[in-house]
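Here is the structure we will look at, set down as structure tokens.
Computation of the quantities below employed the complete heavy-atom set of this structure, encompassing side-chain atoms and omitting hydrogens, waters and symmetry-equivalent molecules. Index from 1, following the sequence.
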Amino acid sequence: MINTELYLTQKVQEALASLYGAEGLPVQVTATRKEFEGDLTVVTFPFLKISRKAPDATGEEIGKYLQEKCPEIESFNVVKGFLNIKFSPVMWGGLFKEMAETPDWGQGAPTGRTIMVEFSSPNTNKPLHLGHIRNNLLGSSVSSLLKACGHNVIRVNLVNDRGIHICKSMVAWQQTAGGATPESTGIKGDHLVGDYYVKFNDIYKEQIAALVKEGMSEEEAGRQAPIFKEAQAMLVKWEQGDPEVRALWEKMNGWVYEGFAKTYAALGIEFERTYYESQTYLFGKSLVEKGLESGVFFRKEDGSVWCDLTADGLDQKLLLRGDGTSVYMTQDLGTAQKRFEEYSLDEHIYVVGNEQNYHFQVLKLILGKLGFDWADSIYHLSYGMVELPEGKMKSREGTVVDADDLIENMYNTARETSIELGKINDMDEKEQDELFRMLSLGALKYFIIKVDPKKTMLFNPKESIDFNGNTGPFIQYTHARICSILRKAAQAGDEAGVSSLGLFIPKEVEIIKILGRFPDKIQEAGQAHSPALVANYCYELSKEFNQYYHDVSILREENKDVRQARLLLLSVIARTLVKGMGILGIKLPERM
């Protein structure tokens, strides 16, 4: 694979050896700034000790050597010690020929590394919402990105199917549902259970208010509210294996899993394996016992178990409650151990919001104290929250943007926008449905993924559907336009060809430069765990093509060789967009 930066580095090192007798010196190469002529720039200042000349003179000597010895280098100029190199059509033609003949252009070579990515991790007391969508889209696209980098990737989901929050929904259902089921109500299972989580909170607040009115402090009322105490008692019964509690738990969780499966399918989210906290929390308990025996943990008078992290600049961390029930940290310790042992992982990535930064800092620290040398291989992909114009969402108050509702609304918006813009002419009903679904998901996914994961983002559905600007539909329409041109060419008997690779005009060279950066962009994005870099790369490529299409004749070009070379260029652009957007989980239509 031709790498222009590596090529120039090697040629400059050859020049340094020939001109000054110095071998193996490091060479600093960067992209040439837009205000100067050139493709890549070499910094000459590190060479002054061996050249014993001024920066400009050193640059001139190296530039002349390269121009004379390398047919791939067309010209050079020196600006204050910076050597700007312009490549010839030979270089761009060779690079383009290679990418045109490489179907998997951009795919990294196998690294042998195995990376597990945990994402989604929903609670079974509520349906998926907008915050979950960002988590799922980020986790799925990071997984695809790492796979494109050449790693072996395992996508996993950890379902939080036990705990006090689950018991809250169960208690509220027992008290108020009258035996309601998804079948009897026509309500999707995860939505039905979520309704009773909200119902619990409503009853809880009423009971607190009543106790406060009787003279109890609000804090004490929160602990003494009857419905809260029932939820606590139910959790203890669950951990003791009470048959009735377990039966109700299995029934309500079953409703939720059916609902989740439909939402995952709509978003195109898949996992190689799903873990359940109810099956993993005991692994953590055994680790806690080992930590007590070795003195890493300690037990307080109430029977609770803690890890003292004050010497590490943190605080004391609870691992087991006084009644013996476990906390999130307990099961995360055990699950991490099980996964590393089972899969011999090189890295484990947790895709979790930034409100859990402390949790994962503690997780790594405790695992290290327990003697696991792989603790440093844990990486928390911390991302910012999704907010709405009216502020943050709150599940227990029912003020969230439901994932299913959002997907449906995006579909309707895509349909209305497409009809208004005349994008569905000559399409039958099935084709229209496929297009609307593709556009709506493309708009939703791109709008969320294009933002750097670390940033909090403001979600605006209307902006995401725009067919102009940095949006999914703009890139999808670009691909459809390219496919339309290629279809018309095929109908006219024109085929893409490579016979005029040395005849590229500057606009085509600029596109080839962008295409040539694709493999490096994937590697850069993979190292940064940021699919946003790939998203914005696809936008840059689409924008450059549309400007090219506006300025340059393709189908009406009279020179057959040039016309066929341009068709080949378009096919490589389309293929690259499919690969890049595919990493983001976005499909591109061939007709619009």
| ring pair (Phe, Tyr, Trp, His ring centres under 6.0 Å) between F360 and Y350: does it pass, once the steps are laid out? | CA-CA 9 Å; F360 287 98; Y350 292 86; 4.9 Å; yes
| Do the ring planes of Y328 and H165 sit parallel (below 30°), tilted (30 to 60°) or perpendicular (above 60°)? | tilted
| said: K450: which residues meet the side chain to side chain donor-acceptor pair (under 3.5 Å) condition with it, sequence neighbours left out? | reply: none
| query | Just wondering, do L128 and F260 contact through their side chains at under 4.5 Å, heavy atoms? | reply | yes
| query | Can L192 and Y196 be said to form a side chain to side chain contact (heavy atoms under 4.5 Å, CB included), step by step? | reply | CA-CA 7 Å; L192 182 67; Y196 289 101; 3.8 Å; yes
| message | Are there over 12 heavy-atom neighbours, none belonging to E270, within less than 6.0 Å of that residue's CD? | response | no
| said: Just checking F372 against F340, ring centres under 6.0 Å apart? | reply: no
| query | Can you check side chain to side chain contact (heavy atoms under 4.5 Å, CB included) on F298 and D308, steps first, answer last? | reply | CA-CA 8 Å; F298 69 95; D308 188 356; 3.9 Å; yes
| Hey, is the main chain of A180 close enough, under 3.5 Å, to the side chain of S184 for a donor-acceptor pair? | no
| For the side chain of Y204 and the backbone of G222, is there at least one donor-acceptor N/O pair under 3.5 Å apart? | yes
| message | If I take atom CD from residue E277 and atom OG1 from residue T280, how far apart are they, to the nearest 0.5 angstrom? | response | 6.0 Å
| message | Between S120 and Y264, do the side chains contain a donor N or O and an acceptor N or O under 3.5 Å apart? | response | yes
| Salt-bridge contact R246-E239 (side-chain N to carboxylate O under 4.0 Å) | no
| query | Can you tell me if K285 uses its side chain to pair, donor with acceptor, with the backbone of G324 under 3.5 Å? | reply | yes
| message | For a side-chain hydrogen bond (donor to acceptor under 3.5 Å, both in side chains) check, start with the C-alpha distance between D346 and H151, then their side-chain angles and the critical distance, and finish with the verdict. | response | CA-CA 10 Å; D346 293 291; H151 307 307; over 6 Å; no
| Polar side-chain atom of T176 near backbone of W173 as donor-acceptor pair, under 3.5 Å | no
| Do other residues, nucleotides or ligands put more than 12 heavy atoms under 6.0 Å from E355 CD? | yes
| query | Between E220 and R223, does at least one N-O distance fall below 4.0 Å, as a salt bridge requires? | reply | yes
| So does K300 have more than 12 non-hydrogen atoms from other groups sitting under 6.0 Å from NZ? | yes
| message | Counting only heavy atoms from other residues, nucleotides and ligands, does the tally under 6.0 Å from CD of E219 exceed 12? | response | no
| said: Could you check whether K521 pairs with E524 (Lys NZ or Arg NE/NH1/NH2 to Asp/Glu carboxylate O, under 4.0 Å)? | reply: yes
| field | Sidechain-backbone polar pair: S530 side chain, G526 backbone, donor-acceptor under 3.5 Å | value | no
| request: Check the surroundings of atom NZ in K237: do more than 12 heavy atoms from other residues, nucleotides or ligands lie under 6.0 Å from it? | output: no
| said: If you define the side chain from C-beta out and look only at heavy atoms, does anything of D312 sit under 4.5 Å from K369? | reply: yes
| task | Establish, yes or no, whether the cationic atom of K317 lies under 6.0 Å from the six-membered ring centre of W306 and within 45° of the ring axis. | result | no
| field | Contacts of type ring pair (Phe, Tyr, Trp, His ring centres under 6.0 Å), residue Y257, not counting sequence neighbours | value | Y276
| Looking at CD1 of I166 and CG of L235, how far apart are the two atoms once the value is rounded to the nearest 0.5 Å? | 10.0 Å
| Short N-O contact, E118 and R339, less than 4.0 angstrom | yes
| query | If we ignore angles and hydrogens, is there a donor and acceptor under 3.5 Å between the side chains of Q175 and E230? | reply | yes
| task | Give a yes or no on whether the backbone of N125 and the side-chain of N123 come within a donor-acceptor separation of less than 3.5 Å. | result | no
| message | Run Q240 and D242 through side chain to side chain contact (heavy atoms under 4.5 Å, CB included) and show every step you take. | response | CA-CA 6 Å; Q240 292 172 344; D242 182 278; 5.7 Å; no
| task | Would you sort out whether L345 and W374 count as a side chain to side chain contact (heavy atoms under 4.5 Å, CB included), showing the intermediate values? | result | CA-CA 9 Å; L345 301 177; W374 43 257; over 6 Å; no
| When you check the side-chain N and O atoms of N354 and H380, is any donor under 3.5 Å from an acceptor? | no
| request: Please determine, by modelled atom types, if N152 and T114 share a side-chain donor-acceptor pair under 3.5 angstrom. | output: yes
| query | Cationic tip of R162 within the cone over W249's six-membered ring, i.e. under 6.0 Å and within 45° of the normal? | reply | no
| task | List for me each residue that meets ring pair (Phe, Tyr, Trp, His ring centres under 6.0 Å) alongside Y383, sequence neighbours excluded, and say none if there are none. | result | none
| In terms of the angle between their ring planes, are F119 and F271 parallel, tilted or perpendicular, with boundaries placed at 30° and 60°? | tilted
| task | For the pair H348 and Y379, evaluate ring pair (Phe, Tyr, Trp, His ring centres under 6.0 Å) and give the outcome as yes or no after the intermediate values. | result | CA-CA 6 Å; H348 190 329; Y379 179 82; over 10 Å; no
| said: Please determine whether a side-chain nitrogen of the Lys or Arg among D190 and K188 lies less than 4.0 Å from a carboxylate oxygen of the Asp or Glu. | reply: yes
| message | Regarding R155 and S140, do their side chains bring together a donor and an acceptor under 3.5 Å, going by distance alone? | response | yes
| Salt-bridge contact D433-R415 (side-chain N to carboxylate O under 4.0 Å) | no
| Can D161 and T124 be counted as having a side-chain donor-acceptor contact under 3.5 angstrom? | no
| field | Short side-chain to backbone donor-acceptor contact, E347 and I115, under 3.5 Å | value | no
| field | Exercise: do S141 and S144 side chains pair donor with acceptor under 3.5 Å | value | no
| query | Which distance, rounded to the nearest 0.5 Å, do you find between the CD of E272 and the OH of Y343? | reply | 9.0 Å
